[in-house]
Amino acid sequence: MTTQHQPVDAGGGTALLTEPSTQDTRPGGPVVAGRSPAHMAWRRIRRDKVTTAALVATVLFIVIALLAPVLTALTSWGPITPDNKAINPDTGNFPYGSLGGISAQHLLGVEPGTGYDLFARIVYGLRTSLYVGFASAVLSTVVGVVAGLAAGYFGGWVDSLLSRVMDVMLAFPQLLFIIALTPVIQNALQTNTHGGTDENLRLLVLVLNIAVFAWAYTARLVRGQVLSLREREFVDAARLMSAGRRHILFRQLLPNLWAPILISFALAVPQNITTEAALSYLGVGVIPPNPDWGALLSDASQFFLQDPMYLFVPGVLLFFLVLALNLLGDGVRDALDPRARRG
């Protein structure tokens, strides 16, 4: 049995990973292909049953969100199409039947009072949650990476200025300031656009507010990595070859930062989804009748004793969505950095 040495880019240097191989590597024998860090990370993810299950669940949630118009067309009920025949006016407009009006026509029942199909509102609410979660995570990650690269590489007054800004942003109580700022900005923008409620505008403001208070986490992480990498030999070699700052930043440093960036992004998405749900629950996010899981939970809490399924269904689905994303983020972290593996 021979030993296979695989060069792996680790922080700009070349590390040798020793892995036993039963294949013949003598002259004339079969060629043994080296495994890239990405390939090895993907292999670790596939071997981890928990991470694999979380990945499958996450993909399933995304597919359901993307196919929301198709799924609701099959049931013939949109998210804001009331079914007045499904609610009983003699019982305070609660659904007919048991379990919140679950039937072949309404797979998850209907909302008390409005008669909206709960299945349609949940799949469309899932689109809202995933859009806000991923969009705000992408925006905060991009801003954080740029700020972290600049602070870590240039140092001096640039580092001092950006570091103080990061400290200020991290010191803010994020949720409280988003609650205070979101309705103010939305109302100001609606006044400038001749009034009215534009749901796309509300979502955009929500994404921007979450990203504004979240980018500092990624920036602080990237800055610390760059401070270590900028003194490595491969950066000195690039400088000696008269490489420009742009080349060093984006061709030398950035490729060695993908692991922490992906980990930060994967863990930011579920946090942003719960933040969005909390804001909608408090009435400063998505406003009914537009579908959103946080708004559904807020409305359902008023009818819990009379119709517990109305609260149970979106609550359980939100729990499993955030759980799947968190487990996937943990699995990605363990796969990209095995030394940080728990236990």
S.K.: Taking all non-hydrogen atoms of both residues, which atom of L317 and which atom of F61 are closest, and how far apart?
M.R.: O-CZ, 4.1 Å

S.K.: Applying side-chain hydrogen bond (donor to acceptor under 3.5 Å, both in side chains) as the test, list every pair that has at least one member in residues 204-215; sequence neighbours left out.
M.R.: T182-N209

S.K.: With a 4.5 Å cut-off on side-chain heavy atoms, are Y310 and P112 touching?
M.R.: yes

S.K.: Identify, with sequence neighbours excluded, every residue that meets salt bridge (Lys or Arg N to Asp or Glu O under 4.0 Å) alongside R230.
M.R.: none

S.K.: Name all residues meeting the side-chain contact (heavy atoms from CB on, under 4.5 Å) criterion together with F154; count only those two or more places apart in sequence or in a different chain, and write none if there are none.
M.R.: A150, V158, R245, L249

S.K.: Examine the side chains of E111 and T114 and answer whether a donor and an acceptor come within less than 3.5 Å of each other.
M.R.: yes

S.K.: Below 4.5 Å, heavy atoms only, C-beta onward: do F119 and H106 meet side chain to side chain?
M.R.: no

S.K.: Calculate, to the nearest 0.5 Å, the distance between atoms CG and CZ belonging to L108 and R121 respectively.
M.R.: 13.0 Å

S.K.: Under 3.5 Å, is there a donor-acceptor pair linking the side chains of R46 and T52?
M.R.: no

S.K.: Return the CG to CD1 distance between L149 and I261, rounded to the nearest 0.5 Å.
M.R.: 7.0 Å

S.K.: When you measure from the side chain of T274 to the backbone of P270, do you find a donor-acceptor pair of N or O atoms at a distance under 3.5 Å?
M.R.: yes

S.K.: Side chains of V212 and M169: does their closest heavy-atom pair fall under 4.5 Å?
M.R.: yes

S.K.: Can you tell me how far apart CD1 (I178) and CZ (F172) are? Round to the nearest 0.5 Å.
M.R.: 11.5 Å

S.K.: Show your reasoning for whether side chain to side chain contact (heavy atoms under 4.5 Å, CB included) applies to L253 and V235.
M.R.: CA-CA 8 Å; L253 293 176; V235 177; 3.9 Å; yes

S.K.: Could I get the full list of salt bridge (Lys or Arg N to Asp or Glu O under 4.0 Å) partners for R164, not counting sequence neighbours?
M.R.: D167

S.K.: V207, V142: one ILVMFWY side-chain cluster at the under-4.5 Å cut-off?
M.R.: yes

S.K.: Applying side chain to side chain contact (heavy atoms under 4.5 Å, CB included), run through L296 and L318 and close with a yes or a no.
M.R.: CA-CA 11 Å; L296 279 176; L318 179 61; over 6 Å; no

S.K.: Please say whether more than 12 non-hydrogen atoms of neighbouring residues, nucleotides or ligands are located less than 6.0 Å from CG in L204.
M.R.: yes

S.K.: Are the side chain of R223 and the backbone N or O of G152 linked by a donor-acceptor pair below 3.5 Å?
M.R.: no

S.K.: Measure across V123 and A120 and return the closest heavy-atom pair with its distance rounded to 0.1 Å.
M.R.: CG2-O, 3.3 Å

S.K.: Quick check: closest heavy atoms across I273 and G133, and the distance to 0.1 Å?
M.R.: CG1-CA, 3.8 Å

S.K.: Quick one: does D48's side chain have a donor or acceptor within less than 3.5 Å of a partner on R44's backbone?
M.R.: no

S.K.: Whether the side chain of S140 engages the backbone of A137 through a donor-acceptor N/O pair (distance < 3.5 Å, no angle test) should be reported.
M.R.: yes

S.K.: Could you go step by step and tell me if V226 and L257 meet the side chain to side chain contact (heavy atoms under 4.5 Å, CB included) rule?
M.R.: CA-CA 8 Å; V226 173; L257 296 170; 3.8 Å; yes

S.K.: Any side-chain heavy atom of I210 within less than 4.5 Å of one from L139?
M.R.: no

S.K.: How far does CZ of R47 sit from CZ of R43, to the nearest 0.5 angstrom?
M.R.: 4.5 Å

S.K.: Do the non-hydrogen side-chain atoms of D330 and L267 ever get within less than 4.5 Å of each other?
M.R.: yes

S.K.: Quick one: closest heavy-atom pair of P260 and Q225, and the distance?
M.R.: CG-CG, 4.3 Å

S.K.: Which value, rounded to the nearest 0.5 Å, describes the distance between Q271 atom CD and S136 atom OG?
M.R.: 9.5 Å

S.K.: To the nearest 0.5 Å, tell me how far L107 CG sits from I102 CD1.
M.R.: 9.0 Å

S.K.: Side chain to side chain contact (heavy atoms under 4.5 Å, CB included) between W293 and L321: does it pass, once the steps are laid out?
M.R.: CA-CA 11 Å; W293 286 9; L321 172 62; 3.9 Å; yes

S.K.: Can you tell me if S298 uses its side chain to pair, donor with acceptor, with the backbone of G294 under 3.5 Å?
M.R.: no

S.K.: Name the atoms and distances for all side-chain donor-acceptor pairs under 3.5 Å in residues 66-79, with sequence neighbours left out.
M.R.:
| residue | atom | partner | partner atom | Å |
| --- | --- | --- | --- | --- |
| T72 | OG1 | A68 | O | 2.9 |
| T72 | OG1 | P69 | O | 3.1 |
| T75 | OG1 | T72 | O | 3.0 |

S.K.: Considering only residues two or more places apart or on different chains, which pairs with a residue in residues 277-288 satisfy side-chain hydrogen bond (donor to acceptor under 3.5 Å, both in side chains)?
M.R.: E276-S280, S280-D292

S.K.: Can you name the nearest heavy-atom pair linking A54 to L327, along with the distance?
M.R.: CB-CB, 3.8 Å

